[in-house]
Each structure stands twice: as C-alpha cells, then as structure tokens.
Amino acid sequence: MDTIPTTSGKRGALTVDSPQPELDHIDGQKPSDHCAVVGYIGEEPAYPFILASLKTLQHRGQESAGIATFHASSINARKGMGLVGEVFNERTKDSEYLLGNVGIGHTRYSTAGSKAMENAGPFLVTNALGHIALSHNGEITNADRLREELLKQGLTFLTSSDTEVLLMEFARDISLHGLNGGVKIAADRLKGAYAITFLINDRLYAMRDPLGIRPLIMGKMDSGYMVASESCALDITGAEILRDVKPGELVEVTRNGIISVLTVPSRKIAHCMFEYVYFARPDSIIDRTEVFQTRLKLGRILARESHVEADVVFAVPDSGRAQALGYAQEAGIPFSEGLIKNRFSDRTFIMPTQQSRTAAVRLKLNVIQSEVRGKRIILVDDSIIRGNTMNHIVSLLRRAGAKEVHVRIGCPPVVAPCFFGVDMKTKDQFIATGRTVEEICREIGADSLAYVSIKGLVESIGMDRENLCLGCVTGEYPMPVSEEKYPRQKELESFTP
Ligand code: SF4
C-alpha cells in the first residue's frame, strides 16, 4: 500500500477560525456561480497568493470564502460568510494566523447543502492519515446515498454539504487503500462533478472528475506552483500556465513540479458549456479554449443565424458584452453602450420577495437616453433563465424612446436543471419551459427574439459535441442523473431568499 507521509513527520492540531457573521444578498435572476478552488505550494508564504487568486475568482461564489494552510504540523483554517475581502482583510490579521508555504482556498455559492456558515469551505477532517483539508467545485449527485452508507459505517457528519460527503469518502478510501487505490475507489463511488484541491498534511493535491465537467488549471511561478479553477487566477499571481488537470487526473503539486499520480479512465469527456457561455471570466483559458473568443464567436454566429435590420447593438452589461461585440462586428452594425450597470448595488439589500427583487433590478441598470431614443436596437445577452431581468430591460429601453427592441441570446434556451454544480434548479424556474420562442418574445415584450442554435454553440466552443455537457439545453446529461435530486432541490429552495 502506498502511504502519505508528512515531511514534518508529526501530527499537530487542526484549527478553524470562523468569526464572521452570516450575510445575505440578492437572489439574482441569472444562475448563480458555483465555487472556486485554488492551491499553492512553494518557497513563499501561501496566504497572499491564495488570497489574490480567490479575489480574482470572486465571480464563482460570493457566499463564503475560506483558506487553509499547513504550518508546524497543523492545518489552520479561517472561513466566513461574505466576499473574500470581507472575510480576509487587514483588520482580521490573517497573515499572522494562516502561516505556511502550502495551502488551499475556496469561495462558495451553495448548490447542495444550505447557505449556513457550517457549509463554507475548505472542509477539514483528521483521520489516520493526519489532517486533511479540501476545497470543492461541483456537485456530487449521489451525495445523499453515500452519506447514508457512510453513516451506517459509523462516520459522522457535521454539515448538509455534498463536499463533506466527498471529503469523507476520499479520506476513508485513501486511509484504507493508500493514495492510488483509495482515489480509484472514491472516483468509482462518487458520481457528479468535482474539481478539487486538497491538503493531506503538508502535501497538495488536485483532481478533476473523470468527465472533466468543472475546470482546473495549473501554473508555475518563480516561487512555486499554483492550481486554480480558472487561468485568470494564475495570471494575477504572475504564474505561467502549464496545463489543465486532465479529466479524471490526480496530480500532486510539489515545490519542484507537478506529478501526475494517476488518471481514472473514462469513456467520455463532458466539459460544461456554461463555463464558456456565462460563468468563467472572459480572460480565462479553459481546456485550451479562450472564453472571450468563444463569446465573440457566439455573437458572430448569432448574427448570421438571426439577422435583423437595426441601428445599434447593445450588450446587457456586463454578461452580454463579448457576444454583442461579435454580433456587431458580423452584422456591420455599430456597437454602443446603451445600458449602465450600478456595480455596487448587488450586495446592498436583502430582498426576500419577488417584488423587492424587481426593485433591486431597477437599482442595477439605467439607460443612456441619447443612445436609445428613436433607435432600432439589438440587445444581446449571454442567456435568459427566468426572464424577469430581460423583461425589465426591454421596458426600460421602450420607456426611453427605443423604436424597436430585438433581443438576441448567445445560448440556446435553458430548459433543464443542472445536476453538476450550477444553481439552476427545477424546470418551472425557466422561462423557456413549455413556451415557444414567440411566446417568450411576447413575455419579455421584445419585437423579436432569437437564440443561438445548439450547433452554433458547439461550433463557437470549438470542441466536439460529444465532449461537452449540454444538459441544461438538451435535457440529455453525460451521466445518469439520480432521482434523489428533487428532494435535495426542494431543500435548497427552502433556503433561497
Ligand atoms: S447541465 Fe448545463 S450548467 Fe450543468 S454542467 Fe451541464 S452544461 Fe453546465
């Protein structure tokens, strides 16, 4: 059996400091981002690099943030509710507590489990291996069944999170069967999406699920190595991109380089198309594909598929910007700014009702009257999920004197839930469920509406269709989805403001 030694050779304490109060924020009209994971090992203190990369990945989760570092035989962790800068700042003096040259970080948006502080990452456990800390992006679809099995075997759980199930499964299997054998067993038992970074004492590992649904990329710095959900987090630390973690691959990230420990075989790959459409930052490169170029191409293809005579192209800020630019370039219609977003409104208000959410949308956007009055407008966004925001924007433009408003969407209609870590729940939340495009057009009050085709989406990403997950636009998933999703969804909904 292979073993996981610590270089220190000692077992120390495992401490968590979580002093932040729970905050809440507006329940947005777009699917919420999932999570970000990072890890660093090298010659310098890990904390500043992990903090910088988490701030860069804030778009992937605004609910909680956490960092765990290994120092002097201990893993110290600090996590709290809120933005990265709210949890970690000069006042909290974390650099004095989170010592050590190896660590991991996490930002969270809950897709399984409640929004409680207890579910903030990284998760920690101590077993025969020593101290383990784990950050997870994705969703384990059979978490409920595995939790029951592990409970029957005497393990205890402190939270409702699927990440704790994943951690306990990994920790138990590696402890019993060594690293290689344990990871193979865990990967066979765990269904769903997981891109993870984890510490076993002072050793840093990273792994992607066998379908490669969520992204994970590695980079080299002068002082060491980093792994992160997106390449933009490597850029910010000055790291040079090495490569993506392959689907099913477990790597050990060491001070001297990356060791590919094993790759769990898989018959297929299923990268999430929504990373390219909406979630990832446009300056990120995921699986060797730049997100900005994909979005530009989506706009170009959309223009070819659904041309309409107009005077100007606007983006819904900021999500539709690259697609709108591509549309304008292809159609030969001027691109302009017609809508201005209040960047500081998102987390200002607690909005528990639909009425108050609508008021919150009004606070987010305003029009530039001179760019709108008397114009035939093409309004481009990356997706429509519930439709409330688009309805509001169209009516804003009309009130400002727009002659025509033609809506173009750089993603096919979302008609099915996501089971793999994106906060798109039951079908009745989607405006496209049970409605034709004409009916949706009437609902949002536009003069015309068109979505990019699935073929156009696949062409924009530039990968083979069979290597992409298109589940939320086709209802066909890359793995059998468990019937247990629905009860967990209901639990989630009860926590959604
Ligand atoms: S169902 Fe949609 S959002 Fe979920 S992983 Fe697949 S493509 Fe991504």
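For ligands, and for the atoms within them, numbers begin at 1 and follow the listed sequence.
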Can a donor-acceptor pair be found, under 3.5 Å and without considering hydrogens, that links the side chain of Ser448 to the backbone of His406? no

Shortest non-hydrogen contact between Ser260 and Arg243, atoms and distance: CB-NH2, 4.1 Å

For Thr159, does its backbone N or O pair with a side-chain atom of Glu164 as donor and acceptor, under 3.5 Å? yes

All heavy atoms of Asp283 vs all of Ser231, minimum pair found to be O-OG, 4.1 Å

Heavy-atom pair of closest approach, residues Cys232 and Arg281: SG-NE, 3.7 Å

If you have a sec, work out which protein heavy atom is nearest atom 5 (S) of ligand 1 and how many Å separate them, to one decimal? Arg214 NH2, 3.4 Å

Under 2.8 Å from atom 6 (Fe) of ligand 1, the protein N, O or S atoms, given as residue and atom: Cys469 SG

Please check: side-chain N/O of Tyr276 versus main-chain N/O of Ile286, any donor-acceptor pairing under 3.5 Å? yes

